[in-house]
Amino acid sequence: MFASNYDLTNQTQDSQDDLRINSDKISNLLKSLNDQQLQAVKSTEGPLLVLAGAGTGKTKVLTSRIINILANSLAYPSQILAVTFTNKAAQEMKKRIGEIVGDQVNNIWVGTFHAICAKILRRHPEVVGLRSDFTIIDDDDQTRLLKQILNDFNIDIKQFAPRAYLNKISRLKDSLKTPANADDLALPKLKEVFETYQFRLRSMNSADFGDLIALNLQIFNNDPEVLAYYQNKFRYVLIDEYQDTNDAQYRWLLQLSAINQNICCVGDDDQSIYSWRGANIANILRFEKDFSDAKVIRLEQNYRSTTRILNSAHQIISNNKQRHGKKLWTELGQGEKIKVFAYNDDRLEALMTANKIKDSLSSKKVKPNEIAVLVRAGHQTRAFEEAFMQNNISYRVIGGMKFYERMEIRDSIAYLRVVANPDDDLALSRIINVPKRGIGETALANFFSQAKEQKIPLMQVIKNAIANNELKGKGKESLTNLITIFDQFNKQITSESLLNIARNLLTQTGYLAMWKSENTVEAQGRIENIEEFINTLNDFTNITEFLEYASLVEARDEKNLQEAVSIMTVHGAKGLEFEMVFLPGLEDGIFPSSKSLDEKTGLEEERRLMYVAITRAKRFLTISFAKSRYMYGDVQFSMPSRFIKELNEDELDFEEISFGNNFYGKNNNYKSDKFDDEFSQDFDYEDKKTQQFQFNKSFQQSSFIKKPANQTNHYSSASKTNSDNSDTMLNQRVFHQKFGYGKVIKVDDKKLEIVFEKAGTKIVLKDFVSIA
DNA sequence: TGTTCCCCTATTTTT
DNA sequence: TAGGGGAACA
Ligand SMILES: Nc1ncnc2c1ncn2[C@@H]1O[C@H](COP(=O)(O)OP(=O)(O)OP(=O)(O)O)[C@@H](O)[C@H]1O
């Protein structure tokens with residue numbers, strides 16, 4: 001079941017037989033396209049850029065194009081390279097193409113950038129100093145490795161987060177920078193850390209995600225024959241979601257299509273939402289420069305959404321300055337107004353959303369599969385899961401913790417990795433003391449420093465220590481034991497089945513017993529996961545194949561095909577469409593996220609994200625926000641998202657819902673005319689237009705509800721540290737949720753003037769600061 | 001070495 | 001609230 005979805009490795013000969021395609025299906029497909037789409041499909045030769053808004057059929061153009069190429073025998077399937085960003089998209093594309101061309105879809109190179117690069121890299125690893133069984137290390141390993149390195153460099157990881165280094169290094173790789181030209185004032189010794197990180201990866205015969213692309217380029221550079229081979233092989237190159245490419249990926253595409261020049265990129269600059277992982281919108285402009293004869297086709301008819309939805313999306317995105325600009329139209333009719341709900345708190349929001357979904361389902365307006373709740377951040381899914389559970393709504397959370405990311409699965413995989421590759425220091429150090437074997441932090445650090453000194457793998461250090469009888473205590477026996485087990489299984493690796501090795505390995509090393517002895521429901525669940533993991537190994541012939549699957553292909557529960565409402569992040573929803581979409585948590589600080597407000601380009605990207613979110617909806621869109629929200633263990637008050645104000649009131653249907661009392665307190669709602677006024681001072685908007693924060697009529701009528709400032713309430717962050725004595729506030733060091741730490745320089749009734757350490761001088765309401 | 005307890009911060013997004 | 005990291009102690 002796993003291997004079958006991932007058939008990049010089964011290269012069968014293209015047979016003449018397969019090439020016959022049902023011509024009725026083809027002509028029907030082509031007939032269904034509009035003129036511009038058809039033009040994009042038929043312009044097979046030469047560089048082509050399809051730049052078009054959401055729902056205009058970009059993906060459809062891409063699949064139709066491939067089908068058309070095959071139908072006209074312009075290339076063998078194996079000469080077509082189609083690149084996507086997610087496995088989901090790759091799978092979907094395969095399915096669509098397969099429906100028409102049948103089995104030959106399996107010979108097309110369809111996959112994510114990373115999967116395809118891994119495949120190429122596995123064919124020529126020696127060119128860049130790897131062995132063909134190299135492992136791709138994941139995020140968790142990357143962080144652990146960096147933590148080790150930072151500790152070695154005596155860099156305080158409390159002050160300089162390993163993740164910050166990881167981010168920086170990944171971005172450097174995305175833009176093809178080497179340690180030599182790495183520098184960052186905020187990250188000490190970045191150069192050295194980066195260098196060491198690369199060195200450690202290579203000595204473990206492994207590569208990280210960024211390396212996959214960078215090493216492909218290195219192969220192309222070091223071995224022109226290999227490059228020429230692929231350049232000639234791929235007659236047609238196609239890329240979906242082109243706006244998400246980073247510099248390295250762009251170069252890769254450029255190189256591969258240099259000879260045939262048949263490259264087709266489809267994308268939408270307004271949907272660029274991955275700049276934080278290196279995506280560069282400039283690649284769109286660059287394309288027209290690098291391929292001077294590039295044809296550009298724009299698609300303007302949207303086949304997905306109603307006019308109201310499209311208009312709303314357009315109202316949002318037209319606030320962005322940096323865009324190519326396009327306007328969509330649809331024949332799907334005006335549609336219903338966008339519903340906007342204001343809730344008292346997050347609980348009510350989740351509950352009422354569940355209610356509305358229930359109503360829609362029972363009126364048979366939509367099916368569960370056609371409904372999605374899209375959130376800005378992963379943690380927001382929880383409230384909805386709970387509410388849906390309570391209301392017996394079947395749902396699935398898409399994204400989130402993946403199967404292979406669970407602790408017990410990562411541990412199990414680490415055991416297997418050590419068997420397959422004893423030099424895998426990271427895997428060994430992960431499980432050397434799991435279960436407890438009397439090897440503490442200091443012992444491990446000692447092993448590591450010897451490894452570094454003698455330039456040998458960790459495993460070798462331990463073997464030497466055993467041979468020279470340098471170990472003592474319980475560690476001695478347990479380690480000797482462990483190493484023997486690893487050696488024993490290492491010998492079986494070609495003869496025994498993967499499944500048997502795993503089962504016996506996890507039993508003999510005591511890993512399974514560790515969980516069994518814990519005797520909790522949670523541990524039981526972990527054991528079940530491990531069992532499931534062991535069983536999936538049946539689908540793989542060797543460890544390398546499995547590891548590649550685990551690291552590159554997200555394991556989704558395909559069994560779970562029954563009707564269910566989807567809950568996912570907006571990022572995860574890109575490329576998808578639903579009849580009915582709920583967009584909760586539309587609050588400043590959440591969507592747009594508070595982080596994005598600091599950065600110059602941040603708000604524009606948030607707006608694009610909002611654009612993506614809105615355009616997922618076909619017919620029904622419901623936006624909501626909560627006035628208070630339980631977060632960080634406290635009640636936080638927030639304002640409706642500035643994006644709501646960017647929507648045209650005429651398209652909206654506004655309603656305020658509160659059950660009299662705020663969930664977090666009793667009878668503490670009151671209307672304050674001064675509220676908007678006061679609140680606006682607490683928030684610091686960048687552009688003039690929003691500075692006064694004038695709500696349109698419907699919002700003003702609804703009035704925002706806030707707790708009285710002086711009412712004590714143990715749920716409230718504001719009241720518990722709030723001092724009524726103005727004198728004591730002067731010169732006081734305080735903390736503000738948004739602006740951080742600062743010193744009070746002026747007290748004016750309920751308002752304080754504060755010099756914040758990071759955010760400068762601001763006037764804020766006393767209620768929103770606490771004494772630091 | 002291992003455990004516990006306290007403090008602090010805060011992933012927003014993912015191949 | 002949760003989760004990680006560091007200090008303190010058995
Ligand atoms: N010519 C057409 N006639 C009818 N329906 C079409 C046509 N072209 C596309 N569609 C439909 O419109 C919807 C959106 O198409 P598609 O997903 O390819 O758009 P997209 O541009 O890739 O969208 P996004 O940018 O949001 O990913 C799909 O349901 C598709 O089947």
Side-chain angles (χ1 to χ4, degrees), chain A residues 83-90 111-118 136-139 142-144 147 151 156-159 161-164 166-167 170 173-174 207-213 241 244-246 248-249 272-279 374-383 398-402 405 407 433 435-445 472-475 478 551-554 568-574 585 589-599 602 605-606 608-610 612-613 629-636 715 717 735 737-738 740-741 772:
Chain A
V83 199
T84 63
F85 276 89
T86 64
N87 292 295
K88 216 193 301 172
T112 61
F113 271 103
H114 295 92
I116 287 171
C117 285
I136 300 160
I137 70 160
D138 66 13
D139 188 73
Q142 290 179 295
T143 316
R144 283 182 339 108
K147 220 181 275 179
N151 278 329
D156 179 15
I157 59 172
K158 203 97 201 228
Q159 207 182 342
R163 285 219 89 88
L166 177 56
N167 256 322
S170 303
K173 286 185 178 181
D174 289 343
D208 66 15
F209 277 103
D211 282 339
L212 294 175
I213 321 260
E241 308 281 15
D244 290 334
T245 50
N246 62 37
Q249 289 160 339
S272 166
I273 54 176
Y274 283 105
S275 71
W276 50 272
R277 102 183 166 188
L374 307 183
V375 294
R376 174 69 250 268
H379 64 80
Q380 290 171 264
T381 59
R382 210 159 116 187
I398 296 172
M401 171 87 80
K402 289 179 204 135
E405 288 173 355
M407 187 207 325
N433 205 32
K436 299 264 174 296
R437 297 193 176 90
I439 309 298
E441 221 172 300
T442 36
L444 189 59
K472 45 188 166 26
K474 46 189 157 195
S478 58
S551 50
L552 289 178
V553 185
E554 53 209 284
M568 63 182 119
T569 64
V570 181
H571 281 89
K574 192 161 71 148
I590 292 184
F591 200 171
S593 80
S594 49
K595 279 254 166 79
S596 71
L597 299 173
D598 307 336
E599 307 157 34
E605 180 140 327
E606 292 291 302
R608 291 193 291 267
L609 195 56
M610 182 68 184
V612 169
R629 179 175 292 276
Y630 201 63
M631 251 178 117
Y632 298 144
D634 234 326
V635 177
Q636 317 275 340
Y715 284 109
S717 62
F735 176 76
Q737 198 62 41
K738 179 168 159 58
Y741 288 98

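The sequence lines fix the lettering, A, B, ..., with proteins before strands; numbering per chain opens at 1.
The separation between A:Gln159 atom CD and B:dC8 atom C1' is 14 Å, rounded to whole Å. If you measure from atom CG of A:Leu597 to atom P of B:dT12, you get 13 Å, rounded to the nearest angstrom. Nucleotide B:dA10 holds its C1' atom 13 Å from the CG atom of A:Asp634, rounded to whole Å. Rounded to an integer number of Å, the gap from CE of A:Met407 to C1' of C:dG3 is 12 Å.
The aromatic rings of A:His571 and A:Trp276 sit perpendicular, their planes meeting at an angle over 60°, well past the 30° parallel limit.
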Give each protein N/O atom lying under 3.5 Å from an N/O atom of nucleotides 13-15 of chain B, with the pair distance.
from	atom 1	to	atom 2	distance (Å)
B:dT13	OP1	A:Gly378	N	2.6
B:dT13	O2	A:Trp276	NE1	3.1
B:dT13	O2	A:Arg376	NH2	2.9
B:dT13	O2	A:His571	NE2	3.4
B:dT14	OP1	A:Thr569	OG1	3.0
B:dT14	O4'	A:Arg277	NH1	3.4
B:dT15	OP2	A:Lys402	NZ	2.8
B:dT15	O3'	A:Phe85	O	3.2
B:dT15	O3'	A:His114	ND1	3.4
B:dT15	O2	A:His114	NE2	3.2

Would you tabulate the nitrogen or oxygen pairs shorter than 3.5 Å linking the protein to nucleotides 4-8 of chain C?
from	atom 1	to	atom 2	distance (Å)
C:dG5	OP1	A:Lys147	NZ	3.0

> For A:Arg163 and A:Asp139, what are the C-alpha separation, side-chain angles and deciding distance, and is it a side-chain contact (heavy atoms from CB on, under 4.5 Å)?
Replying inline: CA-CA 10 Å; A:Arg163 285 219 89 88; A:Asp139 188 73; 2.9 Å; yes

>> Does A:Leu374 form a side-chain contact (heavy atoms from CB on, under 4.5 Å) with A:Val612? I'd like the steps, not just the answer.
In response: CA-CA 10 Å; A:Leu374 307 183; A:Val612 169; over 6 Å; no

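Considering only heavy atoms from C-beta on, A:Leu609 comes within 4.5 Å of A:Arg376 through its side chain. A heavy-atom distance below 4.5 Å is found between the side chains of A:Phe85 and A:Gln249.
For A:Asp174, the side chain to side chain contact (heavy atoms under 4.5 Å, CB included) partners at least two apart in sequence or on another chain are A:Arg171, A:Asn246.
Here the separation of B:dT13 from C:dG4, taken at their P atoms, is 16 Å to the nearest Å.
Mapping A:Leu444 and A:Met631 onto DNA chain B by nearest heavy atom places A:Leu444 at the nucleotide closer to the 5' end.
The pair A:Arg144-A:Asp138 fails the salt-bridge criterion, with no side-chain N (NZ, NE, NH1 or NH2) lying under 4.0 Å from an Asp/Glu carboxylate O.
Counting only distance, with no hydrogens or angles, the side chain of A:Ser593 and the backbone of A:Ile590 share no donor-acceptor pair below 3.5 Å.
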